[in-house]
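The next block holds one structure in the form of structure tokens; read it before the comments.
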Amino acid sequence: MTTPTAKAKSAVRIDAWLWAIRAYKTRSAATAACRAGHVRLNGRPAKAAQTVVPGDSIRVRQSGFERILEVRELIVKRVGADVAARCYTDHTPERPKELVPMVPLRDRGTGRPTKKDRREMERLRSALHPSAHPGE
């Protein structure tokens with residue numbers, strides 16, 4: 001099976017390439033991201049019609065974090081994820097794990113906490129955040 005790569009072409013539009021490698025669900029979403037300034041080509045803000053060539057570095061901001069992609073192969077048609085993954089190298093660093101503080105939870109509908117429950121919750125809060133309760 002042949003892949004729909006752009007071997008005859010020397011460059012492909014950045015919005016079409018981002019859509020083809022499955023960075024965005026739709027081509028119009030990729031175009032909108034370029035217009036909004038969420039896509040950078042070789043360190044500069046990219047317009048949707050700018051062309052990419054193998055070796056270019058693309059930074060795409062999605063969901064609050066930035067993906068760093070290097071173009072390895074030009075592609076114009078949307079293909080399966082495994083074929084699309086061969087068209088770029090992902091240099092994105094790993095996301096740091098989010099620290100979620102433990103908060104005492106009560107079952108819904110159990111009513112008002114008893115004095116004993118309240119003291120246990122206060123003890124737990126002070127163990128997690130000792131500086132938050134200086135009077136104790």
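The side-chain hydrogen bond (donor to acceptor under 3.5 Å, both in side chains) search around D90 returns T92, not counting sequence neighbours. Not a single side-chain hydrogen bond (donor to acceptor under 3.5 Å, both in side chains) links E120 to another residue, sequence neighbours left out. S28 pairs by the side chain to side chain contact (heavy atoms under 4.5 Å, CB included) definition with T26, not counting sequence neighbours. With sequence neighbours left out, the side chain to side chain contact (heavy atoms under 4.5 Å, CB included) criterion links S57 to N42, I68. Applying the side chain to side chain contact (heavy atoms under 4.5 Å, CB included) rule to P113 yields the partners R106, D117, M121; only residues at least two apart in sequence or on another chain are considered. In this view, R27 and R13, D15, A16, W19, T31 satisfy the side chain to side chain contact (heavy atoms under 4.5 Å, CB included) rule, not counting sequence neighbours.
Between the side chain of Q62 and the backbone N or O of A23 there is at least one donor-acceptor pair closer than 3.5 Å. Remark: the backbone N or O of R72 is not paired with any side-chain donor or acceptor of R86 at under 3.5 angstrom.
Screening I75, V71, L74 against C87 for a side chain to side chain contact (heavy atoms under 4.5 Å, CB included) leaves a single residue, I75.
Nearest heavy-atom pair across A30 and L18 is CB-CB, 4.3 Å. In plain terms, the two heavy atoms of Y24 and V60 that are nearest each other are OH-CG1, 3.0 Å. Closest approach of A48 to I14, counting heavy atoms only: O-CG2, 3.5 Å. Heavy atoms only, all atoms of each residue included: A20 and K77 are closest at CB-O, 3.6 Å.
Side chains of R125 and E122 form a contact here, defined as non-hydrogen atoms less than 4.5 Å apart. Annotation: side chain of V52 is not in contact with side chain of Y88 (no heavy-atom distance under 4.5 Å). Contact of the L69 side chain with the I21 side chain is registered, since non-hydrogen atoms from C-beta on lie closer than 4.5 Å.
Taking CD1 of I58 as the start and CD of E70 as the end, the distance is 10.0 Å to the nearest 0.5 Å. With rounding to the nearest 0.5 angstrom, the CZ atom of R59 is 10.5 Å from the NE2 atom of H91. To the nearest 0.5 Å, atoms CG (L41) and CG (D56) are separated by 5.0 Å.
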